[in-house]
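Everything on this sheet refers to the single structure shown next.
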Amino acid sequence: MSLVEVDGLTVEFGDLRAVDTLSFRLEEGAALGVVGESGSGKSTVASALLGLHRGTGARVTGSVRVAGTDVQEADDDALRRLRGGTAAMVFQDPLSSLDPYYAVGDQIAEVYRVHSGASRRAARARAVDVLDRVGIPDAARRARSRPHEFSGGMRQRALIAMALACEPALLVADEPTTALDVTVQAQILDLLHSLRQETGMGLLLVTHDVGVAAESVDDVLVMRHGRAVERGTVADVLGAPSAAYTKELLGAVPRVDAARPVRADAAGDVLLEATDLRREFGRGKRAFAAVDGVSLTVRSGETLGIVGESGSGKTTLGRMLVGLLEPTGGQVLLSGTRADAGVQIVFQDPVSSLNPRRSVGESVADPLRARGDKEVRGRVEELLERVGLDPAHYGRYPHEFSGGQRQRVGIARALAAEPRIIVCDEPVSALDVTTQAQVTGLLRELQDELGLALVFIAHDLAVVRQVSDRVAVMRKGRVVEYGTVDEVYGAPQDPYTRQLLAAVPALDPGVAARRRSARRELAAA
Amino acid sequence: MTGFLLRRALGAAVTLLAISVIIYVVFYAAPGNVAQISCGPRCSPAQVQQVADQLRLDDPLYLRYWHFLQGIFVGQDFSTGTALQHCDAPCLGFSYQTDQQVTQLILTKLPATASLALGAMVLWLILGVGTGVLSAWRRGRPTERILTGITLAGTATPVFVIGLVLMIVVCGQLQWLPFPQYVPFSDDPEQWAWNLLLPWLSLALIEAAKYARLTRASMLETLAEDHVRTFRAYGVGERSIIGRHALRGAVAPVIALNANDFGSMFGGAVLSETLFGIPGLGRELVHAVNVVDLPVVVGMVLVTGFFVVLANAVADVLYAVADRRVVLS
């Protein structure tokens with residue numbers, strides 16, 4: 001008997017068939033990665049393993065057996081015993097997945113008591129135990145902290161501790177590292193890896209990130225539109241994919257170790273010069289410098305990548321370059337262009353950065369009207385066409401477009417004012433990899449055609465390597481490393497850059513294992 | 001936490017001071033002869049002059065307000081023309097109808113109103129929050145539909161209708177209770193409770209409808225949150241999910257609304273007080289307005305404001321105890 005047996009599973013939400021006659025097995029102690037883009041049905045599968053669709057209005061057919069329990073047929077009590085006791089789940093967003101009102105240790109203890117019937121005292125002790133085991137320092141004291149007193153990585157560790165509390169046979173992890181920084185992600189993946197070795201529990205890892213799967217599992221199941229596209233060992237599927245979709249998916253994944261072809265005309269005149277930029281937030285004791293003395297230049301026709309983890313100050317820096325934020329110290333000098341139209345910005349979230357109540361054409365027309373143009377429609381249609389949208393969609397509203405299309409609208413809006421520099425703040429981080437590749441491709445086309453300079457801000461080291469000519473690595477408001485892509489990625493000088501690069505998940509399982517041991521050495525050093 | 005408490009107390013004090021300024025200006029700086037208004041239409045010119053002297057109407061407004069404040073904090077001496085009358089702090093002046101100290105008057109009426117407000121609040125919270133939780137739990141089932149219907153009817157019914165119907169049925173036809181007649185708690189606690197039962201119930205039934213709707217909406221919101229999903233996925237029972245995890249997050253708006261409702265019962269429960277013959281602040285206020293007894297009106301309005309502000313401050317502290325993140329922001 002396998003640990004997980006899924007046969008002909010179909011899950012429908014109204015008219016939408018999220019999972020379509022899916023079948024797979026997971027042996028005891030094995031690790032399976034379910035990989036797919038958004039809408040592929042991968043998370044729906046994870047929920048189905050714990051019977052979480054029961055009572056939600058979703059229509060589930062087919063059979064799901066976990067450790068011998070038929071999830072479809074089990075009564076409510078049996079299902080409750082399965083949840084947490086036999087199979088435990090770790091969710092994507094570690095902040096919202098814990099109850100803000102109770103101490104972390106108490107929440108774990110509560111779950112443990114439900115399944116073991118232990119006394120309060122024993123359950124508390126168990127909570128401290130598992131918190132210690134997932135690497136929370138000073139676990140006995142931190143068990144009394146509330147979730148908001150934990151960092152993102154610690155919260156995810158706490159959730160994993162909750163999962164471990166009842167020693168389940170199966171751990172279901174739904175995008176467990178998607179909300180985390182890359183170095184923290186590496187720590188969590190390493191933790192999952194070592195826990196699996198220690199406890200021998202099975203792992204079903206749901207992720208959109210092929211690299212994360214390659215790091216953590218033995219087998220991969222690639223999903224698309226609710227169906228299994230391909231299944232095999234990590235080495236087979238990622239090394240020699242047989243399905244066309246898998247090939248396409250893998251082709252779109254940005255590689256941190258693949259250099260961008262050197263471009264001859266990359267270094268033009270200096271367009272923008274930032275000197276000793278500083279920006280402080282807060283007053284008095286709470287004041288802190290989000291950006292603390294950054295100097296850099298942007299040349300025409302080049303792409304400057306700015307990479308850093310959350311809180312590094314990269315977005316604050318980007319906003320100062322555009323003039324959306326006044327620097328506390330230092331200055332931004334633009335040469336030869338009107339300052340207001342010279343630099344434009346493309347935001348991360350194309351959903352919230354477009355007004356939902358205005359048509360996309362109107363949004364693109366705003367910068368034109370702002371500079372006094374009267375006849376804008378023709379120009380807007382031209383711009384929409386230029387970014388690969390149908391000009392006839394002028395009157396459509398943002399919700400009628402996909403994420404990638406909305407980001408194209410954002411780019412058209414930035415182009416409207418004919419800037420010489422566009423600052424892109426995480427322009428592709430909300431997009432699937434295949435869409436990501438299309439958007440970065442568009443940016444490069446525009447750059448070649450219009451001689452634009454791009455400042456590309458992102459947390460994803462691989463994407464930055466793919467698009468940039470030069471790179472600045474930021475940490476705690478400062479640039480710790482600044483140079484050409486090949487210098488920074490090929491021969492990083494700063495220990496932080498090395499740590500970042502070592503944390504990037506590798507697609508090759510062999511490389512992943514080497515990186516893992518490299519991380520251990522870095523941590524020990 | 002200490003810093004938070006201090007900030008909150010300071011905020012309450014500033015609010016009260018602002019309220020006192022507004023009330024004072026509204027009543028005493030209004031156009032017309034304040035002395036005539038204060039004294040009433042039947043006063044002789046000599047009496048009006050006496051009131052004008054007493055009110056120190058020749059002083060500028062800010063000085064008069066200053067004396068008013070002084071009265072509250074350290075007491076004040078009033079000249080009645082022939083004699084000096086001392087009024088101990090907190091002094092809100094003298095009624096022009098009865099010559100009684102306003103503070104005294106309020107103190108005699110306060111217990112009845114406080115009895116009514118406290119009991120009704122306890123009942124409406126139990127009924128309202130209970131109904132709200134139940135209808136969120138049984139969402140989409142017949143139980144919820146029935147409860148929603150009842151609460152809708154409750155919101156739409158005025159207090160004097162429910163109160164009258166209750167009195168006619170319970171006291172008149174069934175004769176389970178005597179017609180309510182206020183008995184002070186200090187006289188006979190048992191009689192106090194029996195006689196207040198109907199007023200409590202009629203007020204609570206109406207208020208509970210509001211709380212049921214709020215609690216239901218708030219519960220549905222928290223039930224959809226990620227952390228609730230976590231505990232479901234860990235096999236925690238529905239009872240614990242509702243009671244421990246969803247309700248805790250859902251009570252914040254209930255606490256906030258309750259603070260206002262409870263506070264405004266002091267001076268605002270005229271209808272129930274009149275209907276059930278409870279000698280409380282609301283009835284006294286209406287009476288004072290009718291006879292244009294300005295010092296009493298100003299004092300009562302100020303006391304009502306005091307209770308609203310106090311209840312809100314208490315609510316904020318309770319909220320901070322429930323969710324410590326509040327203290328941080």
Side-chain angles (χ1 to χ4, degrees), chain A residues 43 46-47 49-57 74 76-104 106-116 145-149 155 158-159 162-163 165-166 168 172 174 179 286, chain B residues 1-4 7 129 133 136-144 215 218-256 316-329:
Chain A
S43 288
S47 300
L49 292 187
L50 278 83
L52 289 177
H53 296 302
R54 188 173 288 190
T56 62
D76 285 357
D77 283 340
L79 194 60
R80 273 217 299 279
R81 281 196 299 277
L82 170 82
R83 294 173 177 179
T86 315
M89 191 146 174
V90 174
F91 295 96
Q92 171 171 357
D93 190 342
L95 174 56
S96 58
S97 297
L98 287 165
D99 191 329
Y101 299 110
Y102 294 99
V104 171
D106 290 349
Q107 301 188 41
I108 297 173
E110 183 186 356
V111 167
Y112 182 63
R113 288 189 68 199
V114 166
H115 292 286
S116 67
S145 303
R146 280 152 209 254
H148 71 269
E149 296 166 301
R155 284 183 205 131
L159 271 173
M162 184 184 276
C166 303
V172 181
D174 187 0
R286 290 193 190 156
Chain B
M1 197 70 189
T2 324
F4 173 78
R7 276 202 306 279
V129 174
V133 168
W137 191 349
R138 298 274 175 240
R139 194 188 179 191
R141 299 196 205 166
T143 324
E144 193 220 349
T215 308
S218 188
M219 280 290 286
L220 289 179
E221 226 168 83
T222 49
L223 277 173
E225 275 172 14
D226 283 353
H227 67 260
V228 167
R229 181 191 61 182
T230 303
F231 289 97
R232 286 228 170 91
Y234 277 92
V236 173
E238 201 65 9
R239 192 170 301 200
S240 171
I241 284 179
I242 298 268
R244 260 173 76 82
H245 298 289
L247 188 57
R248 182 95 178 242
V251 292
V254 174
I255 293 178
D316 282 359
V317 172
L318 281 180
Y319 189 27
V321 170
D323 185 355
R324 287 194 214 155
R325 289 171 301 174
V326 173
V327 181
L328 296 174
S329 52

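Since this is a predicted model, take the numbers as computed values, not measurements. We name chains A, B, ... by the order of the sequence lines, and we start the count at 1 in each one.
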Would you mind telling me which of A/Ala163, A/Gly51, A/Gly85, A/Ala87 has the largest number of heavy-atom pairs within less than 4.5 Å of chain B?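 Looking at each of A/Ala163, A/Gly51, A/Gly85, A/Ala87 in turn, A/Ala163 comes out on top.
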
For each of A/Arg81, A/Met162, A/His115, tally heavy-atom pairs with chain B at distances under 4.5 Å, and name the one with the top tally.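 Heavy-atom pair counts peak at A/Met162.
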
With a 4.5 angstrom heavy-atom cut-off, which part of [X] approaches chain B: side chain, backbone, both or neither?
X: A/Leu159; answer: both
X: A/Ala165; answer: neither
X: A/Leu98; answer: backbone

Locate the shortest heavy-atom distance separating [X] from [Y]; write the atom from each residue and the value.
X: A/Val104; Y: A/Ala158; answer: CG1-CB, 3.6 Å
X: A/Arg146; Y: A/Glu149; answer: N-OE1, 2.6 Å
X: A/Arg80; Y: B/Gly235; answer: CD-O, 2.9 Å

Take the angle between the ring planes of A/Tyr102 and B/His245 and call it parallel below 30°, perpendicular above 60°, tilted in between.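 Judged by the thresholds at 30° and 60°, the geometry between A/Tyr102 and B/His245 is perpendicular.
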
Is a side-chain N or O of B/Thr230 found less than 3.5 angstrom from the main chain of A/Ser97, in a donor-acceptor match?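 Yes, because the side chain of B/Thr230 sits within donor-acceptor range (under 3.5 Å) of the backbone of A/Ser97.
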
Is any residue of residues 246-255 of chain B within less than 4.5 Å of chain A by heavy atoms, and which ones?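 Result: B/Arg248, B/Gly249.
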
Under the side-chain hydrogen bond (donor to acceptor under 3.5 Å, both in side chains) test, residues paired with B/Ser240 that sit two or more places apart: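 For B/Ser240 the side-chain hydrogen bond (donor to acceptor under 3.5 Å, both in side chains) partners, ignoring immediate neighbours, are A/Glu110.
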
Set of residues satisfying side-chain hydrogen bond (donor to acceptor under 3.5 Å, both in side chains) with respect to A/Arg54, sequence neighbours excluded: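 Counting only residues at least two positions away or on another chain, A/Arg54 forms a side-chain hydrogen bond (donor to acceptor under 3.5 Å, both in side chains) with A/Asp76.
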
Qualifying salt bridge (Lys or Arg N to Asp or Glu O under 4.0 Å) pairs, either residue in residues 228-242 of chain B, two or more places apart: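 Checked against salt bridge (Lys or Arg N to Asp or Glu O under 4.0 Å) - neighbours excluded - the pairs reaching residues 228-242 of chain B are B/Arg232-B/Glu238.
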
